[in-house]
Each structure stands twice: as C-alpha cells, then as structure tokens.
Amino acid sequence: GALTEKQEALVNSSWEAFKQNLPHHSAVFYTLILEKAPAAKNLFSFLANGVDQNNPKLKAHAEKVFEMTHDSAVQLRAKGSIVIADAVLKHLGSVHLQKGVTDAQFLVVKEALLKTIKEAVGDGWNDELSNAWEIAYDELAATIKKAMG
Ligand code: HEM
Ligand code: ISQ
C-alpha cells in the first residue's frame with residue numbers, strides 16, 4: 001500500500017513525538033504488550049525484571065521497532081514498497097522464528113504500537129495517521145513473516 005505525502009508528514013511528526021519521551025513511551029508500549037500477551041515476558045531477555053524504565057535495552061529495542069516502522073512508511077511513500085538489506089532480513093527472520101513468534105503476537109504488537117503513538121500525539125491523533133502507521137506496520141510484519149517461513 002502506498003502512502004500519501006500528508007500521511008508521511010503525520011508519521012514523521014508522530015515519530016518525533018514518540019522520541020520526545022522515549023523512556024515513558026517505551027514503558028507504555030511494553031505495558032500494553034504484556035497486558036494482552038503476558039507470555040511475552042519470557043520471550044524478551046531484557047524483560048526478566050519487568051518493565052524497568054532505567055533499563056537502556058528496553059528503550060533501545062522499543063525504539064528500534066518504531067524506527068523500522070517509521071522507515072517503512074517513508075519507503076512506502078517514496079517507492080511503494082519496503083526494502084530491507086538481505087542480511088538484516090535473514091537475521092530478523094531467524095530471530096523471530098527461533099523465538100516462535102506467532103501471527104497473534106504480531107497483532108498484539110501492532111495494537112500496542114498504535115495505542116502508544118496515540119498517546120504520544122494526544123490531540124494530533126486521527127484516522128489518517130492511524131492508517132499510515134497500520135499500513136507501514138502490516139507491510140513490515142509481512143516482510144518479516146516471509147523471512148521467517
Ligand atoms: C528481536 C524487530 C515483531 C519478539 C527483534 C530485533 C528486532 C526486531 C530489530 C533485534 C534482533 C537482534 O537481536 O539483532 C521487530 C519488528 C517487528 C517485530 C520490526 C514487527 C514489525 C515482534 C513480535 C514479537 C517479537 C510480534 C513477539 C512478541 C522478538 C524477540 C526478540 C526480537 C523475543 C529477541 C529479543 C531478545 O534479544 O531477547 N525484533 N520485531 N518481535 N523480537 Fe521482534
Ligand atoms: C519486538 N521485537 C523486538 C523488540 C521489541 C520491543 C518491544 C516490543 C516488541 C518488540
């Protein structure tokens with residue numbers, strides 16, 4: 001799915017809003033994921049002590065997921081598809097396959113990502129913005145799933 005210029009601008013500004021308070025937004029993200037999928041706690045090595053805002057790994061990993069989704073949106077706008085370097089994609093495929101990540105978990109992470117962005121942008125939330133992040137996440141998730149299988 002392609003994105004409009006307006007949607008790219010919305011994704012860019014909400015990504016900035018997310019980064020503005022990374023410790024808080026990443027804690028919100030993990031908390032939402034663990035509410036819906038408590039078993040995820042055992043998947044992530046860095047969640048062993050729960051959602052600890054002082055653990056730099058938590059922030060780094062959460063930021064990476066949002067960053068990759070943001071990058072996907074930019075690529076979808078620029079060329080209508082996502083490109084991830086072969087070696088990176090192979091690695092992502094094997095890590096997620098090895099952890100036994102399921103389609104249901106991809107959905108949980110998607111809903112948590114959208115709710116986190118919603119909180120980060122406050123009044124700036126709207127359907128166009130939501131759709132843009134959804135499209136970007138869905139394409140990225142499909143790309144990773146293909147590399148898993
Ligand atoms: C690891 C991205 C979805 C579970 C990773 C890594 C990245 C990443 C960049 C680090 C790989 C490395 O260590 O080099 C993404 C993206 C996703 C996604 C962009 C969606 C579009 C999911 C989902 C789950 C999941 C749905 C399951 C809840 C994990 C786990 C690891 C991992 C368990 C290993 C963490 C550890 O080192 O303890 N993912 N991921 N991922 N991902 Fe994801
Ligand atoms: C999925 N993969 C890697 C890291 C993550 C951090 C938070 C939520 C989901 C994730």
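Remember, it's a predicted structure, so these values are computed and weren't measured experimentally.
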*Between S14 and L129, what is the shortest heavy-atom contact and its length?*
OG-CD1, 3.4 Å

_So V74 and N12, do their side chains get closer than 4.5 Å, heavy atoms only?_
yes

*Taking only residues two or more places apart in sequence, or in another chain, which ones meet E67 in a side-chain hydrogen bond (donor to acceptor under 3.5 Å, both in side chains)?*
none

*asked:* Would you compute the distance between atom CG of N131 and atom CG of L114 and round it to the nearest 0.5 angstrom?
replied: 9.5 Å

*Would you call the rings of F106 and H96 parallel, tilted or perpendicular if under 30° counts as parallel and over 60° as perpendicular?*
tilted

*Residue pairs involving residues 112-125 (criterion side chain to side chain donor-acceptor pair (under 3.5 Å); sequence neighbours excluded)*: H24-E119

_Testing the basics here: between M148 and G93, what is the closest heavy-atom pair and its distance to 0.1 Å?_
CG-O, 3.5 Å

*asked:* Quick check for you: to the nearest 0.5 Å, what is the distance between W133 atom CH2 and L140 atom CG?
replied: 10.5 Å

*Treating Ile, Leu, Val, Met, Phe, Trp and Tyr as nodes and any side-chain heavy-atom pair under 4.5 angstrom as an edge, say whether I135 and I117 lie in one connected cluster.*
yes

*If you measure from CG on L76 to CD1 on I82, what distance do you get to the nearest 0.5 Å?*
5.0 Å

*Looking at CG of D86 and NE2 of H91, how far apart are the two atoms once the value is rounded to the nearest 0.5 Å?*
14.5 Å

*Would a 4.5 Å heavy-atom cut-off, applied to side chains only, mark S72 and E139 as touching?*
no

*Taking atom OG of S13 and atom CD of E16, what is their separation to the nearest 0.5 Å?*
8.5 Å

*Which residues pass the side-chain hydrogen bond (donor to acceptor under 3.5 Å, both in side chains) test with N21, sequence neighbours left out?*
none

_Gap separating the NE2 atom of H70 from the CD atom of Q75, nearest 0.5 angstrom_ = 11.0 Å

*List the atom of V65, the atom of T69, and the distance in Å for their closest heavy-atom pair.*
O-OG1, 2.8 Å

*Decide yes or no for L92 and M68: does some side-chain heavy atom of the first lie under 4.5 Å from some side-chain heavy atom of the second?*
yes

*Please answer: with hydrophobic residues joined when any side-chain heavy atoms are less than 4.5 Å apart, are V28 and V109 in the same cluster?*
no

*Any donor and acceptor pair, going by atom type alone, linking the side chain of Q105 with main-chain N or O of T102 inside 3.5 Å?*
yes

_For V51, the rest of its hydrophobic cluster, which grows through side-chain links under 4.5 angstrom_ = Y30, L34, L43, F44, F46, L47, L58

_Verify same cluster id: L113, I33 (apolar side-chain graph, 4.5 Å)_ = yes

*Do L89 and L97 share a hydrophobic cluster, counting only Ile, Leu, Val, Met, Phe, Trp and Tyr and linking them when any side-chain heavy atoms are less than 4.5 Å apart?*
yes

*Test item: S26 side-chain N/O and L22 main-chain N/O as donor-acceptor pair under 3.5 Å*: yes

*Any side chain to side chain donor-acceptor pair (under 3.5 Å) involving residues 31-51? Give me the pairs, sequence neighbours left out, ordered by first then second residue.*
none

*Any chain of hydrophobic side-chain contacts (each under 4.5 Å) joining F66 to I144?*
yes

*Heavy-atom count around K19 NZ within 6.0 Å, excluding the residue itself: above 12?*
yes

*For A132, what residues pass the side chain to side chain contact (heavy atoms under 4.5 Å, CB included) criterion, not counting sequence neighbours?*
L3, Q7, V11

